[in-house]
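Some notes on the structure that comes next.
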Amino acid sequence: MSNIIKAQKGTKDILPNDIEQWQNLELKALEIFTRAGFSEIRTPIFEATELFARGVGDTTDIVNKEMYTFEKSERSLTLRPENTAGVVRAYIENGMHRLASPVKLWYKGPMFRYERPQAGRQRQFHQVGAEMFGIKEPTADAEIILLAVDYLKALGLNDLDVEINSLGCSDCREGFKTALRVVLKPELDIMCPDCQARYEKNPLRILDCKVEVCRRILEKQEVQNVIVSDYICGDCQKHFDELKKYLDALNIKYKRNKLLVRGLDYYNRTVFEIKSNNLGSQNAVCGGGRYDSLVKNLGGEDTPAVGWAMGMERLNSLLEKIESKKMNAYVVSNFSVEALKLVEELRNLGISCDFDMTNKKFGKQLEKASKNADFAFILGEDEIKNSTISVKNLKTSEQKNLSKDEAFKFVKSMKKT
RNA sequence: GUGGCUGUGGUGAAGCGGUUAACACGUGCGACUGUGACUCGCAUAUGCGAGGGUUCGAUACCCUCCAGCCACCCCA
């Protein structure tokens with residue numbers, strides 16, 4: 001065991017035992033997103049490094065220290081750390097701005113971030129996400145949040161915390177940044193090294209800092225005054241107020257979190273997270289927001305957009321384990337040809353069934369049947385002679401000898417249950 | 001990248017200097033030649049993450065490394 005090749009740090013096999021959980025997430029996603037008019041899009045798992053540097057932003061942790069980057073034929077490529085940039089690239093490249101607006105897309109798949117793994121964090125993890133292009137009105141923000149909430153509800157997750165905030169547009173953001181720099185300047189020397197760096201590059205990120213000294217600075221009255229005072233302009237404020245109005249009307253409970261700034265550079269106006277307190281330290285299930293300038297920044301038409309992504313591993317850890325179901329039937333027989341033919345006929349009728357391929361003793365086969373299936377279809381010497389099948393309910397031990405026709409009629413009734 | 005905890009079979013685990021490395025589950029075979037789930041027997045780790053050291057002796061003690069988990073940073 002010690003010299004075998006193992007899965008790499010931060011990666012995991014999803015084994016048959018867990019697969020129904022995953023299929024459930026995917027099936028519900030398809031159902032909920034489709035009925036809301038979202039189409040699935042599948043983009044490559046790696047992209048030009050530059051896409052993420054320009055898209056996600058080179059001041060972000062994701063781009064600075066978490067990318068899986070490699071060189072091939074003098075091109076710098078990166079395993080996607082998130083998928084908004086990739087979807088935007090596909091949107092632009094395929095001229096999707098010509099489609100009727102809004103363009104509503106969803107995706108699912110693996111993402112890669114080079115980090116130390118811990119609870120709720122892996123190097124290869126999976127996200128489902130939704131993006132909507134072309135609508136600047138706050139109805140789009142409401143629609144996209146509603147989609148997330150609906151999906152979570154469909155999964156049975158009703159009591160998660162929705163936090164929202166508005167970052168304003170780039171204009172109001174500059175005002176806010178300047179104000180922050182002014183009020184934080186006297187404290188610059190005592191702040192943590194990270195925040196000292198953030199001070200110039202992106203002072204908003206200081207609001208997120210968890211270091212004790214920085215926290216204390218943030219609690220100071222004069223700093224609080226800056227945080228609490230709304231730096232966002234009239235238009236942005238109106239946009240945000242309308243969003244809140246819609247959420248209220250939809251009865252979606254939310255909290256305003258003024259410290260919510262999000263780690264990606266492309267957001268403006270609305271940002272939100274959905275959190276659970278049953279996840280340990282990594283408690284965000286869903287994160288998203290509006291990114292009105294990203295399409296243009298990546299070379300496309302000026303197109304407003306909103307979206308979010310959810311961590312599928314985190315969703316799974318909030319959900320009850322799904323017990324895997326038994327097969328409908330198990331064919332018990334020592335006559336391989338007849339067994340094989342019956343198995344095929346049953347499967348064609350749409351029921352799941354299996355049989356023993358090693359011609360084990362009758363008792364053993366029945367034992368297998370009771371472990372793996374709800375019904376045993378017994379085909380022995382007598383049955384074959386009389387063209388009948390003995391159908392045994394393995395829960396109740398009730399057994400009936402039926403003609404083939406009767407047995408197949410019975411099969412059809414089984415399908416409904 | 002930094003810190004804490006842990007590392008015994010397919011799984012859950014006991015053992016804490018000298019054991020045949022317990023027990024349970026799982027799996028396979030048999031008792032039971034066409035009737036399972038109960039029961040009963042048998043088999044299932046030449047090895048206790050890897051390498052080195054201390055010792056007459058190390059799964060146990062020490063060192064190094066590796067891996068896993070959790071936490072920080074940040075996020076899904």
Side-chain angles (χ1 to χ4, degrees), chain A residues 1-12 15 17 56 59-66 80-84 108-129 148 192-195 197-198 205 208-212 214 260-264 271 273-276 279-288 308-318 326 330 332-335 356 358 360-385 390-399 401:
Chain A
M1 279 305 279
S2 54
N3 63 343
I4 61 165
I5 298 169
K6 301 206 196 87
Q8 293 303 290
K9 187 195 281 284
T11 69
K12 278 201 167 77
L15 299 171
N17 200 247
V56 179
T59 68
T60 62
D61 281 358
I62 289 178
V63 170
N64 276 325
K65 50 180 205 190
E66 296 172 6
R80 62 185 188 193
E82 55 98 57
N83 206 28
T84 299
K108 63 171 197 287
M111 307 294 157
F112 305 84
R113 302 222 298 219
Y114 189 84
E115 299 176 275
R116 270 300 253 286
Q118 67 182 79
R121 172 184 288 152
Q122 291 169 218
R123 290 183 173 180
Q124 176 175 169
F125 61 104
H126 298 78
Q127 289 185 331
V128 253
C192 75
D194 281 343
C195 284
R198 288 170 184 147
R205 301 274 307 284
D208 256 352
C209 190
K210 270 128 196 150
V211 178
E212 188 59 30
C214 304
L260 182 64
V261 291
R262 315 257 327 130
L264 312 175
V271 290
E273 280 185 6
I274 301 178
K275 296 177 180 173
S276 162
L279 279 176
S281 186
Q282 310 307 326
N283 62 356
V285 177
C286 174
W308 51 253
M310 293 194 198
M312 296 176 80
E313 280 80 2
R314 292 183 188 178
L315 287 175
N316 268 333
S317 65
L318 289 174
K326 288 185 172 179
Y330 196 94
V332 173
S333 175
N334 289 107
F335 299 87
D356 173 59
T358 56
K360 282 195 187 46
K361 288 198 300 195
F362 193 85
K364 283 287 168 203
Q365 291 197 27
L366 208 56
E367 194 181 322
K368 281 237 171 218
S370 74
K371 251 173 228 165
N372 300 325
D374 296 325
F375 289 88
F377 279 55
I378 299 166
L379 257 192
E381 220 167 325
D382 298 345
E383 284 85 357
I384 289 176
K385 204 187 296 165
S390 292
V391 177
K392 178 166 192 170
N393 183 323
L394 292 161
K395 271 183 221 127
T396 63
S397 292
E398 192 185 346
Q399 181 169 331
N401 188 250

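Residue numbers begin at 1 in each chain, while the letters A, B, ... track the order of the sequences.
- Nearest heavy atom pair, residue A:Phe125 against residue A:Pro81, reads CZ-O, 4.0 Å.
- Regarding A:Arg314, its CZ atom lies at a distance of 14 Å from the P atom of B:C74, rounded to whole Å.
- Looking at every heavy atom in both residues, A:Ile378 comes nearest to A:Leu366 through CD1-CD1, 4.4 Å.
- A:Lys326 approaches A:Lys371 most closely through the heavy-atom pair CE-O, 3.4 Å.
- Contact record, A:Gln124 with A:Pro110: OE1-CB, 3.3 Å, taken as the closest heavy-atom pair.
- One atom, CG of A:Asn17, and another, P of B:U27, lie 13 Å apart when rounded to the nearest Å.
- Rounded to whole Å, the P atom of B:A13 lies 15 Å from the corresponding atom of B:C69.
- Nucleic acid contact class of A:Asp382 (heavy atoms, under 4.0 Å, all strands): base.
- No contact: A:Asn372 has no heavy atom under 4.0 Å from any strand.
- Not one N or O on the side chain of A:Glu273 forms a donor-acceptor pair closer than 3.5 Å with the backbone of A:Gly288.
- Straight-line distance between the C1' atoms of B:A37 and B:G49: roughly 39 Å, to the nearest whole Å.
- For A:Phe375, the ring-ring contact (aromatic ring centres under 6.0 Å, His included) test picks out A:Phe410, with sequence neighbours left out.
- Comparing A:Gly10 and A:Ser390 by the nucleotide of RNA chain B whose heavy atom lies nearest to each, the residue mapping closer to the 5' end is A:Ser390.
- With P as the reference atom, B:A21 and B:U2 are 41 Å apart, rounded to whole Å.
- Closest non-hydrogen pair, A:Thr358 versus A:Lys360, comes out as OG1-NZ, 2.9 Å.
- The closest side-chain donor-acceptor pair between A:Ser276 and A:Asn283, if any, does not fall under 3.5 angstrom.
- Here, B:C48 and B:A22 have their P atoms 15 Å apart, quoted to the whole Å.
- Checked for salt-bridge contact, A:Lys395 and A:Asp374 meet the test: a charged N lies under 4.0 Å from a carboxylate O.
- Atom NZ of A:Lys6 and atom P of B:A50 are 10 Å apart (whole Å).
- With hydrogens and angles ignored, no donor-acceptor pair closer than 3.5 Å exists between the side chain of A:Arg116 and the base of B:A71.
- Distance noted for atom C1' between B:G17 and B:C75: 48 Å (whole Å).
- Atom-to-atom, CG of A:Leu379 to C1' of B:U35 comes out at 14 Å; the value is rounded to the nearest Å.
- Atom CG of A:Asp61 and atom P of B:U2 are 17 Å apart (whole Å).
- You'll find that the side chain of A:Ser281 is closest to B:C74, out of B:A31, B:C74, B:U35.
- With pairs defined as Watson-Crick or G-U wobble and both atom distances under 3.5 Å, the stems of at least three pairs that touch RNA chain B come out as B:1-7 with B:66-72, B:10-12 with B:23-25, B:26-31 with B:39-44, B:49-53 with B:61-65.
- The residue A:Ile378 sits close to a base: some heavy atom pair falls under 4.0 Å.
- When heavy atoms are screened at a 4.0 angstrom cut-off, A:Gln399 is found touching base atoms of the nucleic acid.
- When the C1' atom is used for both B:U55 and B:G18, the distance is 12 Å, rounded to whole Å.
- Residue side chain A:Gln365 does not reach the base of B:U35 through any donor-acceptor N/O pair under 3.5 Å, judged by distance alone.
- Look at the P atom in both B:C25 and B:C63: the space between them is 39 Å, to the nearest Å.
- If you check every strand for non-hydrogen atoms under 4.0 Å, A:Gly120 touches a base.
- In terms of position on RNA chain B, the residue among A:Lys65 and A:Glu82 whose nearest nucleotide sits closer to the 5' end is A:Lys65.
- Put simply, CD on A:Glu115 is 12 Å from C1' on B:C72, counting in whole angstrom units.
- A distance-only check finds no donor-acceptor pair linking the side chain of A:Arg113 to the backbone of A:Glu66 [under 3.5 Å].
- Rounded to whole Å, atom C1' of B:U35 lies 13 Å from atom NZ of A:Lys364.
- Nucleic acid contact class of A:Lys360 (heavy atoms, under 4.0 Å, all strands): sugar-phosphate only.
- Residue A:Gln282 places no side-chain atom within donor-acceptor reach of the base of B:A71, judged by atom type and a 3.5 Å distance cut-off alone.
- For the pair A:Glu398 (side chain) and A:Asn393 (backbone), a donor-acceptor distance under 3.5 Å is absent.
- Here A:Gln122 lies in heavy-atom contact (under 4.0 Å) with a base.
- Nucleotides B:G15 and B:C61 have their C1' atoms positioned 16 Å apart, rounded to a whole Å.
- A:Gln124 comes within contact range of no nucleotide atom at all, as no heavy-atom separation falls under 4.0 Å.
- Atom P of nucleotide B:U35 and atom CZ of A:Phe377 are separated by 20 Å, given to the nearest angstrom.
- Comparing B:C70, B:A76, B:G34 by their nearest atom to the side chain of A:Ala119 picks out B:C70.
- The two residues A:Arg123 and A:Tyr114 make their nearest non-hydrogen contact at NH1-CE1, 3.4 Å.
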Nucleic acid footprint by protein, nucleotides 36-42 of chain B - heavy-atom cut-off 4.0 Å, B for base, S for sugar-phosphate alone: BB-----
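- Contact annotation for A:Val285: backbone-only contact, meaning every heavy-atom pair under 4.0 Å involves sugar-phosphate atoms and none involves a base.
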